[in-house]
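Okay, structure first, notes after.
Sequence lines set the chain letters: A, B, ... in the order given, protein chains first and strands last, and positions in each chain run from 1.
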Amino acid sequence: MQVPADRIDKLTRLREAGIAPWPAGSSLPDRERIADLLERADPDAPDGERATATVAGRVASLRDHGNSLFVDLRDDSGRVQVFLRKKALGEERFTLLKEVLDLGDFLAARGELARTRMGETTVFADDVELLSKSLFAPPSEWYGLADVETRLRRRYADLIANPESFGRFRTRSAIVRDTRRFLEDRGFMEVETPMLHAIAGGAAARPFMTHHNTLHLDLHLRIAPELHLKRLLVGGYERVFEIGRNFRNEGLSPRHNPEFSMMEAYWAYARMDDWIESCEELVASLAADHGLHTRGDGEEAEELPRHQVVRGDHVIDFSRPFRRATYAELVREYADADVFDEASVREAAKRHGVEVAGRRLEQVVDDLFGHCVEPHLVDPTFVTHLPLALSPLSKASPDDPRVAERFELIVDGMELANAFSELNDPEDQLARFEAQVAERDPELPAEVDHDYVDALRYGMPPAAGIGIGIDRLVMLLTGAESIREVILFPLLRPRAAGAEDEEAPADAATSDEAAGASPDVAAG
RNA sequence: GGGGGUGUAACUCAGUUGGUAGAGUAACGGCCUUUUAAGCCGUGAGUCCUGGGUUCGAGUCCCAGCGCCCCCA
């Protein structure tokens, strides 16, 4: 994008007047956050007792009245009106300011906090200072920035223009903070395990590849931290967790970004049921504290109780206890199939249009679950007794060897959490790894993680672990329909940046090739 | 990978059957010292995503490509 000529002119005018467009800082003392000022100072105090304050922020609105000027300044705490008058600032300064000031500039202003005739709380400035000149106009405050592509490619513009976006990422931060606090309060220790893995295990997904030069070593970006966190249980820590990024080399969708954030926690001497309790407590409290409880907007806005969260046109009820149902029950209810009967599963798959050819039975079952069951689970539901074949790291249920002591928490059709009693039998684990490798499925590890098996051979206490998808949690609680609304900089095909420079030669090469290949294009 | 949608001024969007490219906001000039989507008068602003084609004439129709969105696999 080109800098408009009028802004270049303004830079020149500023420099001629000896004013730096981007000074190192402000010379006005005691800058206060706008919200703090509005809380501290009384604009209705009698003359002589009113507070004097310095505020600074981005110019969000300009209303020119000739010999005076109203400016709305916005900082990250709020917004306040500043009144600039020729008489208070002096003719020369006032005139220059009016000439060069644009929406989007950063300004500091110092003056008395009082009320205008119209009742607006206002800083009556007797000193102002340009803190940073903007060269591009900000997106329209009134219309916001609606173009999805621009919003994602230029998130900064989205954050300037769209208060919902600005607020949503603050909510995300608060959710992560409170999740961390919840675990710390219960004696969990936060750790950091490697992102670069020689063997990408702990989940079923295609990994990203990378390479370490000096070791001549091919590495994968981790698809899950699970196997390292359990090594720490072997090492003797009893409660560990990690909040961080996982990478899966798969498609993009409103629910999938190639890099996404997970919280994983491992708890020695606990079982799946302990995580049901804790997970429910955590999710319900996050929903109450950070969920979107307002339905509709403007005059028709309706405030819902704190256990109800609005998402799109429906409401999710997070009141405890959450629904509990077994996997087999749900497949029976919604897909009319018997999970443990191959003929029944294949028939149901056909009936519901689920692909069967070339897929393992448990994959077909899982697809059936995803297609027929998940979309119906709107209020939080703990799905228990998942097939053991889908749970290669999980202990079998003592009551039924076909199913795992495992649950998934489904909310609004999305898998939000996954937890199980951890398999700590090294020989069983080795056999399951070997079976995975034998499948030669590109989504499964190509190699057995023998070091992990060895770790189990040292002895891992009985334990239960959980993973919670942070992005999806934020989506659910903030009403976001797409994962891109909760990831600051989601992956997009690169464009613009650099394209302007590289476009020309690239185009020339392509057209040369085309011309060389078929000189008589017009005839065809 | 397949299907559908979409791309017009800095922003939000119109654009009829194919006939000189439009509005509001923002910008620029003017008036106004209590406005708040300030107001009034005036001005400038475009690679209509890109490249072909049809046509006397294409933002509009056709073909190909690109980005983005959605659905499916």
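Between the CZ atom of R151(A) and the C1' atom of C11(B) there is a distance of 14 Å, rounded to whole Å. Note: CG (N257(A)) to P (C68(B)) measures 13 Å, nearest angstrom. Across the protein-nucleic acid pair, R79(A) atom CZ and U36(B) atom C1' stand 9 Å apart, rounded to whole Å. The distance from atom CE of M118(A) to atom C1' of G39(B) is 13 Å, rounded to the nearest whole Å. When rounded to the nearest whole Å, the span between CZ of F136(A) and C1' of A9(B) equals 15 Å. Across the protein-nucleic acid pair, R154(A) atom CZ and A10(B) atom C1' stand 11 Å apart, rounded to whole Å. Atom CD in E141(A) sits roughly 12 Å away from atom C1' in C11(B) (whole-Å rounding). Across the protein-nucleic acid pair, L69(A) atom CG and A38(B) atom P stand 12 Å apart, rounded to whole Å.
Contacts of F124(A) with the nucleic acid, taken as non-hydrogen atoms under 4.0 Å apart, include base atoms.
Base-pair partner of C61(B): G53(B) (Watson-Crick or G-U wobble, both distances under 3.5 Å).
A pairwise comparison of heavy atoms in A51(A) and R40(A) identifies CB-NH1, 3.8 Å as the closest pair. Across all non-hydrogen atoms, the minimal contact from L292(A) to G479(A) is CD2-CA, 4.5 Å.
Classification of E342(A) and R346(A) as a salt-bridged pair holds, one side-chain N sitting under 4.0 Å from a carboxylate O. Taking a cutoff of 4.0 Å between a charged side-chain nitrogen and a carboxylate oxygen, R50(A) and D44(A) do not qualify as a salt bridge. D75(A) has no carboxylate O lying under 4.0 Å from a charged side-chain N of R58(A), or vice versa, which leaves the two without a salt bridge. With respect to R33(A) and D76(A), a salt bridge is recorded, a charged nitrogen being found less than 4.0 Å from a carboxylate O.
Where V148(A) and S68(A) each meet RNA chain B at their nearest nucleotide, the meeting point lying more 5' is that of S68(A). Remark on RNA chain B: of its neighbouring residues F70(A) and G144(A), the 5'-side contact belongs to G144(A), judged by nearest-heavy-atom nucleotide.
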Atom pairs, protein N/O to nucleotides 21-31 of chain B N/O, distance under 3.5 Å:
from	atom 1	to	atom 2	distance (Å)
C28(B)	OP1	K10(A)	NZ	2.3

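Scanning atom types as modelled, no donor and acceptor separated by under 3.5 angstrom connect the side chain of S61(A) and the base of U36(B). Counting distance only, with no hydrogens placed and no angle test, the side-chain atoms of Q81(A) and the base atoms of U35(B) include a donor-acceptor pair under 3.5 Å.
Counting only distance, with no hydrogens or angles, the side chain of H290(A) and the backbone of L286(A) share no donor-acceptor pair below 3.5 Å.
Candidate nucleotides C68(B), U12(B), U33(B) were compared by shortest atom distance to the side chain of R153(A), and C68(B) ranks first. The R63(A) side chain lies nearest to A38(B) when the options are A38(B), A73(B), C68(B). Relative to the side chain of R493(A), the nucleotides C68(B), U36(B), C70(B) differ in distance, and C68(B) lies closest. Side-chain proximity of P254(A) to the nucleotides C11(B), C70(B), U34(B) is greatest for C70(B).
Contact check for V59(A) versus D102(A): no side-chain heavy atoms found under the 4.5 Å cut-off.
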